[in-house]
Amino acid sequence: MTSTSSDNPAKPVHILFVGAGAVGCFYASRLHHPERKIYTSLIARSNYAAIAKGGVELKTHSFGDYAFVPYAVFPSIDAARPNASSAKDNNPPPTDGWDYIIVTTKALPDRTDDAAMVAPLVAAKSCIVLIQNGVGVEEPYRTRFPRNPVVSAVTVISAEQISNGVVRQNRWTRISLGPYGSGLGGSPSPSGSDDDVVRRGHECMEDLARWWSLHGGIRDVETHSEMELQTIRWHKLCINAAFNPTAVLSGGRGNADQLTDPELREHAAGVMNEIWAAAPKVLGRPFPDNLAKPEKIIKSTERNAGARPSMLLDWEAGRPMELEVILGNPVRIARRAGVEMPRLQSLYALLRSMQKVREERKVEGQGKL
């Protein structure tokens with residue numbers, strides 16, 4: 001891990017984003033500072049050809065329109081392995097390993113073991129950063145990489161990839177960061193190794209925050225303790241668990257559009273209040289007063305007209321939805337703490353069944369061809 005208190009690192013810092021969707025491309029673009037020896041690279045898949053050819057075109061509310069040309073672009077994890085041979089016209093992976101590996105892919109633990117997937121990229125010095133929705137996303141990485149620092153991150157951003165290699169940021173830029181040690185209710189290591197990992201994670205977090213804010217111009221980068229960040233993760237469920245599933249179940253209505261329907265508005269508020277009521281037992285303390293209450297979240301959402309949540313886009317495209325980290329994990333974690341969440345459980349059961357039935361029908365249809 002290359003961590004330094006200097007704004008101009010003595011050695012090059014190489015940062016790899018695993019996932020080149022709208023969120024990954026936006027935050028990678030604000031972290032790429034070649035003049036300061038800070039380099040970001042991307043692993044892209046469906047949009048690899050477009051980004052490898054011309055970089056990323058960004059149309060942003062916060063920074064205007066600009067182009068982002070990554071240090072390197074890779075079509076796969078295998079191609080980004082340290083010491084892997086590079087494609088023509090592409091910089092090679094760093095021979096001594098990546099300093100930061102920032103995962104921005106969908107969190108689908110029911111489909112893929114993402115921690116195992118990124119294992120070929122992880123060196124002893126690597127810090128793993130998780131910019132993903134939901135709760136419980138960190139544990140597989142902590143289990144597989146007990147000696148590597150892990151930084152957990154929560155974003156509040158409205159962004160979309162409108163075509164391959166073209167990203168539009170509509171609203172917001174906030175990113176909240178916190179080191180991850182043993183997690184909620186976890187048992188610290190008797191040797192104290194967790195303390196060292198959290199300390200290193202804290203150093204990495206501070207460097208990232210400084211680079212994103214001082215050099216990248218993002219004004220609302222926040223740094224937190226481990227418990228504070230987990231609290232923010234649960235608070236963001238008030239948005240994700242209320243609006244994302246409802247967008248699918250309501251027939252394709254965006255967040256603001258849902259709130260124009262009195263019954264859906266009451267439903268969204270009910271989901272948020274259920275999360276708010278469960279928080280004290282799950283987290284060991286209530287949500288702090290500085291976090292927006294359900295009424296404020298609803299009013300803010302009303303102003304973001306036209307936005308369509310990622311779960312709806314995934315459903316419409318026939319892709320797997322992030323059901324486990326947004327619905328399943330919260331229900332199970334709360335249940336272990338002695339709290340039932342019947343609204344979230346109902347949403348989880350319905351969407352899980354819808355997804356299962358559609359996939360089974362697709363397989364049956366292919367078998368008849």
So CG of L229 and OG1 of T223: to nearest 0.5 Å the spacing works out to 10.0 Å
Side chains of N8 and K37, donor plus acceptor under 3.5 Å
no
Quick one: does any side-chain atom of N329 pair with a main-chain N or O of V135 as donor and acceptor, under 3.5 Å?
yes
Any donor-acceptor N or O pair under 3.5 Å, side chains S76, D78:
no
Exercise: identify the closest heavy-atom pair between G97 and P82
CA-CG, 3.8 Å
Donor-acceptor pair, side chain of R200 and main chain of R147, under 3.5 angstrom:
yes
Out of the candidates E322, E359, E324, only one should pair with R111 under the salt bridge (Lys or Arg N to Asp or Glu O under 4.0 Å) rule; please name it.
E359
Beyond-backbone contact of P280 with F287, side-chain heavy atoms, under 4.5 angstrom
no
So which heavy atom on M272 is nearest to which on C238, and how close?
CG-O, 3.2 Å
Do Y100 and F17 make a side-chain contact, defined as non-hydrogen atoms from C-beta onward lying under 4.5 Å apart?
no
E35 atom CD, over 12 foreign heavy atoms within 6.0 Å:
yes
Which class fits the ring pair F63 and F26: parallel under 30°, tilted 30 to 60°, perpendicular over 60°?
tilted
Check: A268 main-chain N/O paired with N273 side-chain donor or acceptor under 3.5 Å
no
Could you work out, with salt bridge (charged side-chain N to carboxylate O under 4.0 Å, His left out) as the rule, every residue matching R253, not counting sequence neighbours?
D257, D261
Verdict with supporting geometry, I131 and I102, side-chain contact (heavy atoms from CB on, under 4.5 Å)
CA-CA 7 Å; I131 304 180; I102 301 183; 3.7 Å; yes
Working note: Y27 + I218, criterion side-chain contact (heavy atoms from CB on, under 4.5 Å); need CA distance, chi angles, decisive distance, verdict.
CA-CA 9 Å; Y27 285 105; I218 298 179; 3.9 Å; yes
Set of salt bridge (charged side-chain N to carboxylate O under 4.0 Å, His left out) partners for K53, sequence neighbours left out:
none
Decide yes or no on ring-ring contact (aromatic ring centres under 6.0 Å, His included) for H235 and W276, but give the supporting numbers first.
CA-CA 8 Å; H235 182 259; W276 208 272; 5.7 Å; yes
Verify same cluster id: V56, Y48 (apolar side-chain graph, 4.5 Å):
yes
Provide the closest heavy-atom pair for N133 versus V325 in the form atom of the first, atom of the second, distance.
O-CG2, 3.6 Å
Closer than 3.5 angstrom, by distance alone: can the side chain of E226 be matched with the main-chain N or O of G178 as a donor-acceptor pair?
no
Without swapping roles, check the side chain of E228 against the backbone of S225 for a donor-acceptor pair under 3.5 Å.
yes
Which residues satisfy the salt bridge (charged side-chain N to carboxylate O under 4.0 Å, His left out) test with R30, sequence neighbours excluded?
none
Assess whether atom CG of D289 is packed by more than 12 heavy atoms of other residues, nucleotides or ligands within 6.0 Å.
no
With a 3.5 Å distance limit and no angle check, can you tell me whether R332 reaches the backbone of L327 through a side-chain donor-acceptor pair?
no
Paired with N255, the side-chain contact (heavy atoms from CB on, under 4.5 Å) test is passed by just one of T246, I298, T301, namely T301
Can you confirm whether E203 sits close enough to C127 that some side-chain heavy atom of one is under 4.5 Å from a side-chain heavy atom of the other?
no
Side-chain donor/acceptor of E360 to backbone N/O of E364, under 3.5 Å:
no
Within the side chain of D113, is there an N or O that forms a donor-acceptor pair under 3.5 Å with the backbone of A116?
yes
If you define the side chain from C-beta out and look only at heavy atoms, does anything of F243 sit under 4.5 Å from I239?
yes
With I43, the side-chain contact (heavy atoms from CB on, under 4.5 Å) member among L121, V73, T104, V103
L121
Describe, in one word, how the ring planes of Y71 and Y39 are oriented to each other, choosing from parallel (under 30°), tilted (30 to 60°) and perpendicular (over 60°).
tilted
If we ignore hydrogens and angles and just use 3.5 Å, is the side chain of S158 paired with the main-chain N or O of N170 as donor and acceptor?
no
Side-chain donor-acceptor pair under 3.5 Å between T95 and N83, yes or no?
no
Check the side chains of S62 and Q169 for a donor-acceptor pair under 3.5 angstrom, ignoring hydrogens and angles.
yes
Tell me, yes or no, whether the heavy-atom count around R171 atom CZ, taken from other residues, nucleotides or ligands under 6.0 Å, exceeds 12.
yes
Answer whether the closest heavy-atom distance between the side chains of L237 and W234 falls below 4.5 Å.
yes
OG/S46 to CD1/I51 distance, rounded to the nearest 0.5 angstrom?
8.5 Å
Looking at R142 and G181, would you say the former's side chain and the latter's main chain have a donor-acceptor pair under 3.5 Å?
yes
Whether the R174 and T155 side chains hold a donor-acceptor pair (N or O, under 3.5 Å, no angle test) is what I'd like checked.
no
Euclidean distance, S176 OG relative to M205 CE, rounded to 0.5 Å:
11.0 Å
Test H202 against E206 for side-chain contact (heavy atoms from CB on, under 4.5 Å), laying out the working first.
CA-CA 6 Å; H202 185 85; E206 292 290 348; 3.4 Å; yes
Rounded to the nearest 0.5 angstrom, the CD1-OG1 distance for I157 and T60 is 9.0 Å
Hey, are the side chains of T260 and R265 touching, using non-hydrogen atoms and a 4.5 Å cut-off?
no
For A22 and A159, work out which heavy atoms get closest and say how close.
CB-C, 3.8 Å
Check whether any side-chain heavy atom of E302 sits under 4.5 Å from a side-chain heavy atom of K299, and report yes or no.
yes
Regarding R219 and the six-membered ring of W212, is the cationic atom NZ or CZ under 6.0 Å from the ring centre and inside 45° of its axis?
no
Considering all heavy atoms of both residues, which atom of Y180 and which atom of E139 are nearest to each other, and what is their separation?
OH-OE1, 3.1 Å
Are the side chains of I38 and H32 in touch, meaning some heavy atoms are under 4.5 Å apart?
no
Please tell me whether Y66 and S29 have a donor and an acceptor in their side chains that are separated by less than 3.5 angstrom.
yes
Could you tell me the separation between the NE2 atom of H267 and the OG atom of S250, rounded to the nearest 0.5 Å?
8.5 Å
